[in-house]
Novice: 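Handing you this structure, nothing more for now.
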Amino acid sequence: MRIAVTGSTGTLGSQVVGLLATAGHSTHDGLHGPENAPHEVLALARRPDAVPAVLSPAAHASGVVVPVHADYDDAGSLRAALRGVDVLVFVSGDGEAARMLVQHENVVRAASACGVGHVVYLSGVDADVASPFCYAFTNGRTEQLLVESGCGVTFARASLFTQFFAGFLRPALLSGELRVPAGAGGSRWCRGPTSGGAWRRSRCCRRAGGTMI
């Protein structure tokens, strides 16, 4: 199976690449059988030369990771990278929300055009096109595009990552106000490594109607 991972030089993307690369060599996670044999893992990145620096020693040793150029802003590079891909692990972009949405549209169109069988997308628990929170709208719209794409889909709706909390906390210490998208006031946080493990377990989902984790 050929699995592509976007954002492969980032914190979560690199973890997913490492877990997939070693999936057929470890029995510690309880996942056995032919479907867990070593896969070809395409590590998609704007700078593929940066991929080796973020891989674990085990991922290096697996010999199954192939760095591939793919830029969210370059639709042609995305189509070239996704040809022949069975499963795409789509790590959402970051930055300004409007630009993210354009980038996500590029990824979804490329996946659809290349006939990718299944897309696992990192979304958010508050994904909703009716939400006033810009990233909730972006995630909600991306989910809509994926449903309409013809690909099988799995949405990994993550909460806020604990790694980002310091970024919210520093300005709050100065202003006296902590602002996060927490609905009526409740908030649950998740760790990046935990999310990476969940993604590793969802990579081969095949339900045509889609799944959510």
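Positions are given from 1, in the same order as the sequence printed here.
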Novice: Could you check whether Arg46 pairs with Asp71 (Lys NZ or Arg NE/NH1/NH2 to Asp/Glu carboxylate O, under 4.0 Å)?
Specialist: yes

Novice: Taking atom CZ of Arg157 and atom OG of Ser123, what is their separation to the nearest 0.5 Å?
Specialist: 5.5 Å

Novice: Asp86 side chain to Arg2 main-chain N or O, any donor-acceptor pair under 3.5 Å?
Specialist: yes

Novice: Do the side chains of Tyr72 and Asn106 get nearer than 4.5 Å, heavy atoms only?
Specialist: no

Novice: Is the backbone of Val108 close enough, under 3.5 Å, to the side chain of Ser112 for a donor and an acceptor to pair up by distance?
Specialist: no

Novice: With distance as the sole test, does Ser131 use its side chain to make a donor-acceptor pair with the main-chain N or O of Asp128 at under 3.5 Å?
Specialist: no

Novice: Rounded to the nearest 0.5 Å, what separation is found between the CZ atom of Phe155 and the CG atom of Leu122?
Specialist: 12.0 Å

Novice: Return yes when atom CZ of Arg79 has more than 12 non-hydrogen atoms of other residues, nucleotides or ligands closer than 6.0 Å, and no otherwise.
Specialist: no

Novice: Step by step, would you call Tyr121 with Thr142 a side-chain contact (heavy atoms from CB on, under 4.5 Å)?
Specialist: CA-CA 9 Å; Tyr121 170 62; Thr142 302; 3.5 Å; yes

Novice: Donor-acceptor check, side chain of His60 to backbone of Pro52, threshold 3.5 angstrom: yes or no?
Specialist: yes

Novice: Could you check whether atom CG of Asp73 has more than 12 heavy atoms from other residues, nucleotides or ligands sitting under 6.0 Å from it?
Specialist: yes

Novice: Of the options Val119, Val116, Ile3, which is the one that meets Val85 in a side-chain contact (heavy atoms from CB on, under 4.5 Å)?
Specialist: Val116

Novice: Looking only at the side chains, is there a donor atom on one of Ser92 and His104 sitting less than 3.5 Å from an acceptor on the other?
Specialist: no

Novice: What pairs with Ala97 under side chain to side chain contact (heavy atoms under 4.5 Å, CB included), at least two apart in sequence or on another chain?
Specialist: Cys134, Tyr135, Thr138

